[in-house]
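Since the structure comes first, as structure tokens, the remarks are kept for the end.
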Amino acid sequence: MKYMLMICRDEPAWERLTPAERKQVYDDMVALSEELRVRGHYVAGHPLQASSTATAVRVRGGKRLVTDGPFVETREQLGGYMIIDVPDLDAAIAVAARVPLARTSTVEIRPVREGPPA
């Protein structure tokens, strides 16, 4: 079953890390992705730019509304994602617990709905 791991990082906490600490998190994430790829469990994933680079689009009453920056004001922002293909939720939880940013932020797991739109 495919799951999306949404890596929601605490951006101010990320900024407090030293360059060496950030590189270690990056290196650990690359190693985890490669391990999952070798096992056939890695589907896709990418880090995202800071939430300050976001553009939110909403359509209300037929009118398009475009806002710079994140749509919601929260402490944690979506910082990246990974799509994995593992047997079940327990396996997805085990992978999410190994995501380096899970130590300081949150990794949300959602099953990917496959097939035609509902």
Side-chain angles (χ1 to χ4, degrees):
M1 176 154 198
K2 289 188 177 114
Y3 292 90
M4 176 178 251
L5 308 183
M6 292 175 285
I7 303 162
C8 303
R9 74 177 186 202
D10 180 341
E11 289 184 346
W14 176 255
E15 295 302 322
R16 289 191 295 270
L17 295 178
T18 66
E21 290 169 324
R22 287 187 207 163
K23 183 178 181 326
Q24 186 61 57
V25 168
Y26 177 81
D27 291 346
D28 291 348
M29 194 66 199
V30 169
L32 175 60
S33 298
E34 183 56 27
E35 177 187 326
L36 293 170
R37 186 182 333 275
V38 167
R39 292 182 178 184
H41 296 303
Y42 182 88
V43 176
H46 290 284
L48 300 174
Q49 296 291 334
S51 64
S52 60
T53 67
T55 301
V57 178
R58 299 181 302 277
V59 177
R60 301 293 184 270
K63 188 173 186 172
R64 184 181 73 182
L65 305 167
V66 179
T67 307
D68 291 334
F71 176 67
V72 219
E73 294 296 326
T74 63
R75 197 178 102 228
E76 292 182 339
Q77 299 290 337
L78 183 61
Y81 72 94
M82 179 185 283
I83 298 177
I84 58 174
D85 192 351
V86 294
D88 54 34
L89 179 58
D90 288 335
I93 291 169
V95 172
R98 296 184 58 209
V99 170
L101 283 170
R103 297 177 211 138
T104 59
S105 300
T106 303
V107 178
E108 182 177 330
I109 303 168
R110 288 203 200 168
V112 173
R113 186 171 61 197
E114 299 190 63

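- In the hydrophobic cluster analysis, where Ile, Leu, Val, Met, Phe, Trp and Tyr join through side-chain heavy atoms closer than 4.5 angstrom, Met4 is grouped together with Leu48.
- Minimum heavy-atom separation, Ile109 to Tyr3: CG2-CD2, 3.7 Å.
- Listed by first and then second residue, the salt bridge (Lys or Arg N to Asp or Glu O under 4.0 Å) pairs involving residues 33-55 are Glu34-Arg37, Glu35-Arg39, Glu35-Arg98 (not counting sequence neighbours).
- Shown here for Arg60 and Leu65, the closest heavy-atom pair between the two residues is CG-CD1, 3.8 Å.
- Following chains of ILVMFWY side-chain contacts shorter than 4.5 Å, one cannot reach Val112 starting from Ile84, and the two form parts of different hydrophobic clusters.
- Legend: salt bridge (Lys or Arg N to Asp or Glu O under 4.0 Å) pairs involving residues 45-57, not counting sequence neighbours: none detected.
- Within the 3.5 Å criterion, the main-chain N or O of Trp14 finds a donor-acceptor partner in the side chain of Arg22.
- Hydrophobic clustering, with ILVMFWY side chains joined whenever heavy atoms are under 4.5 angstrom apart, groups Ile83 together with Leu78.
- Shortest non-hydrogen contact noted between Met29 and Met82 is CE-CE, 3.0 Å.
- Inter-residue side-chain proximity for Val107 and Leu101 is flagged as unmet; no heavy-atom pair is nearer than 4.5 Å.
- Judged purely by atom type and a 3.5 angstrom limit, Asp85 uses its side chain to pair as donor or acceptor with the backbone of Met1.
- Atoms CD1 and OH, from Ile7 and Tyr81 in turn, are 10.5 Å apart once rounded to the nearest 0.5 Å.
- Two residues are said to be in side-chain contact when any heavy atoms from C-beta on lie closer than 4.5 Å; Val43 and Lys2 meet this criterion.
- Side-chain atoms of Arg58 and Thr67, non-hydrogen and from C-beta on, do get closer than 4.5 Å to each other.
- Nearest approach of Asp10 to Thr104, heavy atoms of both residues: CB-O, 4.4 Å.
- In this structure, CG in Leu32 is found 9.5 Å from OH in Tyr42, a value given to the nearest 0.5 Å.
- Residue Lys23 holds its NZ atom at 14.5 Å from CG of Leu17, rounded to the nearest 0.5 Å.
- Summarising the local packing, CZ of Arg110 is surrounded by 12 or fewer heavy atoms from other residues, nucleotides or ligands at distances under 6.0 Å.
- Between Arg9 and Ala50, the shortest heavy-atom contact is NH2-CA, 4.1 Å.
- A continuous path of hydrophobic side-chain contacts links Val99 to Ile93 [ILVMFWY only; heavy atoms under 4.5 Å].
- Annotation for Ala97 and Ala102: closest pair O-CB, 4.4 Å, computed over non-hydrogen atoms.
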